[in-house]
Amino acid sequence: MATTIQQNVGVATSSQERAHHYDSRKPRGDSQCKAGPAVDTWHNPSLHYEEGLALATQSQDTENNKKSALDDGCSALIAMLRACGKCKDLQQGIRLHDEILKRHFLRRCSDALATMYAKCGALSKAKELLYKHHSKDLYSWTDLIAGYARQGLYHDALECFRQMQYEGLSPDAVTFACILKACGNLKASNMGKRIHDEIARQGLLGTDMVLASALVDMYAKCGALASAQQVLEELPFRNVVSWSALIAGYAQEGQGEQALHCFEQMQCEGFSPDEVTFACVLKACGTIEDVDKGKQIHEEIAKQGFLDTNIVLGSALVDMYAKCGALAKAQQVLEEMPSRNVVSWSALIAGYAQQGLGKEALNCFDQMKREGLSPNAVTYSSVLKACGSIQDIDRGEQIYDQIARQGLLGNNIVLGTAVVDMYVKCGALAKAQKVLEELPSRDAVSWSALITGFCHQGQGEQALTCFKQMLSEGLSPDAVTFSCILNTCSHLGLLEDAHMYFMAMNTKYGVKPSIEHYTCMVDLFGRAGHLDKAARVIQEMPFYDHVAVLSTLMGACRKWGDVNVGRWAFEQAVNVDKRDGSTYVIMADIYAAAGMQEDADMINFMKVENCGI
DNA sequence: TGATTCACGC
């Protein structure tokens, strides 16, 4: 069937076309570009292009009404641009751009041109047109912002958003949705909150499900889960997407129980999980190592036949079993997948590496390559961890060579750190340090890998030197760095320094001391015989479940023969958990060493009473 | 033109 250019791209006015666009969002898709007569014609460029131009030219040639004829020519070009955008036919679009310039239509076609470029992914061309012509077309701006958001160029999306508003335009629900996506991925929760306020002010949340889900997702991606949950709860309507966004947020933050709770609640409200929901829930099961729940989800997924087609879900399943330490099961799932990719394999390799099963991880790595799949930076990180875990420095170095040859270290701190850590675990600290220093950039984690190495090898001075170097690079130490540094100070007997760092970690670096850090301080003062100071550290702790810290203090009391502080710590420990036998043993020792045998016997009696042994 | 999912470093 012959289709004319008019039937295909039409000569609809822009408002008609946009109305159509807006109303038929759901069923649209690319079908027009892939099948049917319209496509065939359009994909015959010579036929199309020439016919379109002929149409535009004919219109211009009409004598009667010059002005409207000119409009028709321009409209036809605009319609053709729109078709290019729809089919992502950039080449054809560029030819139209030339034609538009030749005919001096640029002023009137610039928005349509920008939209075409935006849809074809040529974002800088689109941006140039909109900025240069101070476009007042909301849809063209939104197309560009959506393009940036799709490509992961979130800063560019925000910049365009600002410029659009600077031109006097007010965003609509679609613009807001794109900007929320950018905010979420940039973890820009303050900006996201401002957008939220504006959306609420305009009453858009009550009418637009997509926007509402985008808002939940924004807060979830920012880790502001209370806000995400609140938004979801206050929505007049929810769906599986808004629920999944929240579940994904909890899973991402490691709050697996909350994720599972939401999953239950979602089903209570009558929503059936889809493949995306299942992937989120599997991640949640992995983070809390709930293999039973994971198995249950696995059965549900299999029953619904999702595993036959969905490689993401299959990989999520491999990852869940791997994170739960059920590696045989993970491997079985991987082997039974109809097809697997580098993600599926990397999940399994990471699982083996995590459990210290370096040999198995390396076997998988080889098998993956035999299947013709190429490892990427994520795969290599896990493989390096595997080499470190079995101290296979030769294999590690071989992998490092491959990585370097592929230029993967250029901008990948995670991978660089994995190399450093591999050398550290193999005891090659000089090599580790050399790699670290040659990395294009470093962060607290990469430094900590090296610092931990020096610390564990008893080279405390070196650890502190690195720490100072790290600070001089303007980097903020994190919780792990401080644990390591406090331990180092403890072993070197640097009480004052340790105390200074301990105070600074919260006040200067915003790292809340964890029970581990308090334990370091107790150990430090305890070793030095400052038992009163150690006891004071415990008194100032904001934790309740702290038997381990108390027994650290009691160990120091045993060493220094301090019955009073020892008794105090013991009483605290019994208050927390009277069934923990270890503290009775230490207390009995303390009494016995002080020649207080009756008290020691009493403690042993209490131990039998309370702990049964 | 807009929403949810899988693998990595101390």
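Naming: A, B, ... by sequence-line order, numbering from 1 per chain.
Per the geometry, CG belonging to A:Leu327 stands 14 Å off C1' belonging to B:dA7, to the nearest Å. To the nearest angstrom, C1' of B:dA7 lies 15 Å from CE of A:Met320. Whole-Å rounding puts the A:Phe263 CZ to B:dT5 C1' distance at 13 Å. Rounded to a whole Å, the CE atom of A:Met266 is 13 Å from the C1' atom of B:dT5. Distance CG (A:Leu225) to P (B:dT4): 16 Å, rounded to an integer number of Å. Taking atom CG of residue A:Asp319 and atom C1' of nucleotide B:dT5, one finds them 12 Å apart after rounding to whole Å. Atom CG in A:Asn411 sits about 19 Å away from atom P in B:dC8, given to the nearest Å. We find that CD1 of A:Ile403 is positioned 14 Å from P of B:dG9, with the value rounded to whole Å.
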### Task
Test A:Gln267 against A:Ser272 for side-chain contact (heavy atoms from CB on, under 4.5 Å), laying out the working first.
CA-CA 6 Å; A:Gln267 287 166 297; A:Ser272 296; over 6 Å; no
### Message
Please determine whether side-chain hydrogen bond (donor to acceptor under 3.5 Å, both in side chains) holds for the pair A:Gln229 and A:Glu233, giving the CA-CA distance in whole Å, both sets of side-chain angles, and the decisive distance to 0.1 Å.
### Response
CA-CA 6 Å; A:Gln229 175 110 35; A:Glu233 279 169 3; 3.0 Å; yes
### Query
Step by step, would you call A:Glu473 with A:Gln469 a side-chain hydrogen bond (donor to acceptor under 3.5 Å, both in side chains)?
CA-CA 6 Å; A:Glu473 285 187 9; A:Gln469 211 174 326; 4.9 Å; no
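Within 4.0 Å (heavy atoms only), A:Asn376 reaches at least one base atom of the nucleic acid. Within 4.0 Å (heavy atoms only), A:Ser446 reaches at least one base atom of the nucleic acid. Residue contacts shown for A:Asn412 are absent, as no nucleic acid heavy atom lies under 4.0 Å away. If you check every strand for non-hydrogen atoms under 4.0 Å, A:Ser382 touches sugar and phosphate atoms only. Contact annotation for A:Ile413: base contact, defined as any heavy-atom pair under 4.0 Å involving a base atom.
If you check B:dT5, B:dC10, B:dT4 against the side chain of A:Cys280, the one that comes closest is B:dT5. The side chain of A:Ala449 approaches B:dC10 more closely than any other nucleotide in the set B:dC6, B:dC8, B:dC10. Taking every side-chain heavy atom of A:Ala316 into account, B:dC6 is the closest of B:dC10, B:dG9, B:dC6. Closest contact between the side chain of A:Val480 and the listed nucleotides B:dT4, B:dC10, B:dT5 involves B:dC10. Comparing B:dT5, B:dA3, B:dC8 against the side chain of A:Met209 picks out B:dA3 as the nearest. Among the nucleotides B:dG9, B:dT4, B:dC6, the one closest to any side-chain atom of A:Ser315 is B:dC6.
At a non-hydrogen distance threshold of 4.0 Å, A:Val343 from residues 330-343 of chain A come into contact with DNA chain B.
Take A:Ser382 and apply the side-chain contact (heavy atoms from CB on, under 4.5 Å) test, not counting sequence neighbours, and it matches A:Ile349, A:Ala350. Scored by the side-chain contact (heavy atoms from CB on, under 4.5 Å) test, A:Lys425 finds A:Asp421 as partners (sequence neighbours excluded).
Residues A:Gln258 and A:Glu253 fail the side-chain proximity criterion, which asks for heavy atoms closer than 4.5 Å.
Ring geometry for A:His517 versus A:Phe482: interplanar angle over 60°, hence perpendicular rather than tilted (30 to 60°).
Distances shorter than 4.0 Å separate none of the side-chain N or O atoms of A:Lys385 from OP1 or OP2 on B:dC8. Residue A:Lys283 places no side-chain N or O under 4.0 Å from the OP1 or OP2 atom of B:dT4.
Between A:Glu289 and A:Lys323 there is no salt bridge, since no side-chain N of the basic residue sits under 4.0 Å from a carboxylate O of the acidic one.
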